[in-house]
Amino acid sequence: MKRKLLCGALIALTADLSQASAGPLDGRDIARGERLYAENCASCHGADLEGQPDWREPGPDGVLPAPPHDGTGHTWHHETALLFDYVKQGGAAALAARGVSDFASGMPGFGGTLDDAEILDILGYIRSTWPERMQAVQAARDGN
């Protein structure tokens, strides 16, 4: 009887640990994220996540063009919380909340268009397109 209790406790502990290490983009609906990306993001960031030309150079208005979300961009350098806030609140608001008030961002907020799960599905889709090394680096930024 003690063995069964111990085994049960170990199984429960293992399940709890695996849940604790799951990141915010793990288990997302990638197909839905891809569809939502096409509907909401591709017009600026490109159908193939390629971004706009010269995305590293500000335009005449001082705003950077939309960056790529494939492996050639910098999206994978950021933790999910920042990416989520950037999509939900818009670039200027997300950065201002982090103390950066002098950055002209062309990214609008989608909080009125997309719910939290949809935003996470889009981010999950984007991450799923990166090479494994980049996925691992980004996941580590989330603490998993």
Side-chain angles (χ1 to χ4, degrees), residues 5-144:
L5 288 174
L6 180 58
C7 287
L10 287 174
I11 290 169
L13 178 60
T14 303
D16 287 345
L17 290 175
S18 67
Q19 289 294 333
S21 66
L25 298 183
D26 294 336
R28 301 309 317 172
D29 186 337
I30 301 302
R32 182 170 88 147
E34 182 176 17
R35 179 180 51 77
L36 290 166
Y37 175 89
E39 294 169 2
N40 296 280
C41 313
S43 62
C44 292
H45 292 280
D48 295 321
L49 298 98
E50 73 275 12
Q52 294 176 337
D54 301 321
W55 63 273
R56 290 184 177 105
E57 298 297 323
D61 59 359
V63 176
L64 289 168
H69 289 312
D70 61 13
T72 67
H74 59 80
T75 307
W76 63 276
H77 295 164
H78 302 293
E79 76 278 0
T80 299
L82 174 62
L83 299 174
F84 178 86
D85 289 347
Y86 222 85
V87 175
K88 185 169 183 163
Q89 301 168 5
L95 292 174
R98 288 166 172 76
V100 179
S101 58
D102 61 345
F103 184 79
S105 174
M107 176 69 178
F110 284 84
T113 305
L114 299 167
D115 66 31
D116 292 0
E118 290 172 324
I119 293 170
L120 290 170
D121 285 347
I122 291 168
L123 295 175
Y125 159 66
I126 291 170
R127 184 175 78 176
S128 77
T129 68
W130 302 331
E132 283 187 32
R133 183 185 71 79
M134 290 177 184
Q135 290 185 41
V137 167
Q138 197 276 333
R141 295 195 190 291
D142 289 340
N144 38 316

message = Using side-chain heavy atoms (C-beta onward) and a distance below 4.5 Å, is Met107 in contact with His45?
response = yes

request  = For Ile30 and Ser128, work out which heavy atoms get closest and say how close.
outcome  = CG2-OG, 3.6 Å

ask   = For Asp29, does its backbone N or O pair with a side-chain atom of Asp121 as donor and acceptor, under 3.5 Å?
value = yes

ask   = Residues in ring pair (Phe, Tyr, Trp, His ring centres under 6.0 Å) with Phe84, at least two apart?
value = none

request  = Using the salt bridge (charged side-chain N to carboxylate O under 4.0 Å, His left out) rule, take Arg98 and Asp85 through it: C-alpha gap first, then chi angles, then the decisive distance, then the call.
outcome  = CA-CA 10 Å; Arg98 288 166 172 76; Asp85 289 347; 2.9 Å; yes

query = What is the minimum heavy-atom distance between Ser105 and Gly91, and which atoms define it?
reply = OG-CA, 3.3 Å

Point-to-point distance, once rounded to the nearest 0.5 Å, from SG of Cys41 to CD1 of Ile126 = 6.0 Å

ask   = Can you tell me how far OH of Tyr86 sits from NE2 of His78, rounded to the nearest 0.5 angstrom?
value = 8.0 Å

remark   = Rounded to the nearest 0.5 Å, the CD atom of Glu118 sits from the CZ atom of Phe110 at a distance of 12.0 Å

request  = Begin with the C-alpha distance, continue with both residues' side-chain angles, and end with the deciding distance and a verdict on side-chain contact (heavy atoms from CB on, under 4.5 Å) for Trp76 and Arg133.
outcome  = CA-CA 10 Å; Trp76 63 276; Arg133 183 185 71 79; 4.1 Å; yes

task = For the residue pair His74 and His77, categorise the inter-ring angle as parallel (less than 30°), tilted (30 to 60°) or perpendicular (more than 60°).
result = tilted

ask   = Atom CG of Leu120 and atom CG of Asp26: how far apart are they, to the nearest 0.5 Å?
value = 11.0 Å

message = As a quick check of understanding, evaluate side-chain contact (heavy atoms from CB on, under 4.5 Å) for Leu123 and Ile119, giving each step before the final call.
response = CA-CA 6 Å; Leu123 295 175; Ile119 293 170; 4.2 Å; yes

message = Show me the pairs that pass salt bridge (charged side-chain N to carboxylate O under 4.0 Å, His left out) and involve residues 61-79, at least two apart or across chains.
response = none

inquiry  = When you compare the side chains of Thr80 and Gln138, does any donor N or O come within less than 3.5 Å of an acceptor on the partner?
reply    = yes

Distance-minimising heavy-atom pair for Thr72 and Pro68 = OG1-CG, 3.6 Å

key: Note, Pro24 side chain near Asp142 side chain (heavy atom, < 4.5 Å)   = yes

request  = Enter the distance from Leu25:CG to Arg127:CZ here, rounded to the nearest 0.5 Å.
outcome  = 4.5 Å

inquiry  = Using 30° and 60° as the class boundaries, would you call the ring planes of Tyr37 and Tyr125 parallel, tilted or perpendicular?
reply    = tilted

ask   = Given Thr129 and Leu49, is the side-chain contact (heavy atoms from CB on, under 4.5 Å) satisfied, shown in steps?
value = CA-CA 9 Å; Thr129 68; Leu49 298 98; 4.1 Å; yes

request  = Please report the closest heavy-atom contact between Cys44 and Ala66, naming both atoms and the distance.
outcome  = O-CB, 3.4 Å

task = Please check if the side chain of Arg56 supplies one atom and the backbone of Pro65 the other of a donor-acceptor pair under 3.5 Å.
result = no

remark   = dist Gln52:CD -> Leu64:CG (nearest 0.5 Å) comes out at 10.5 Å

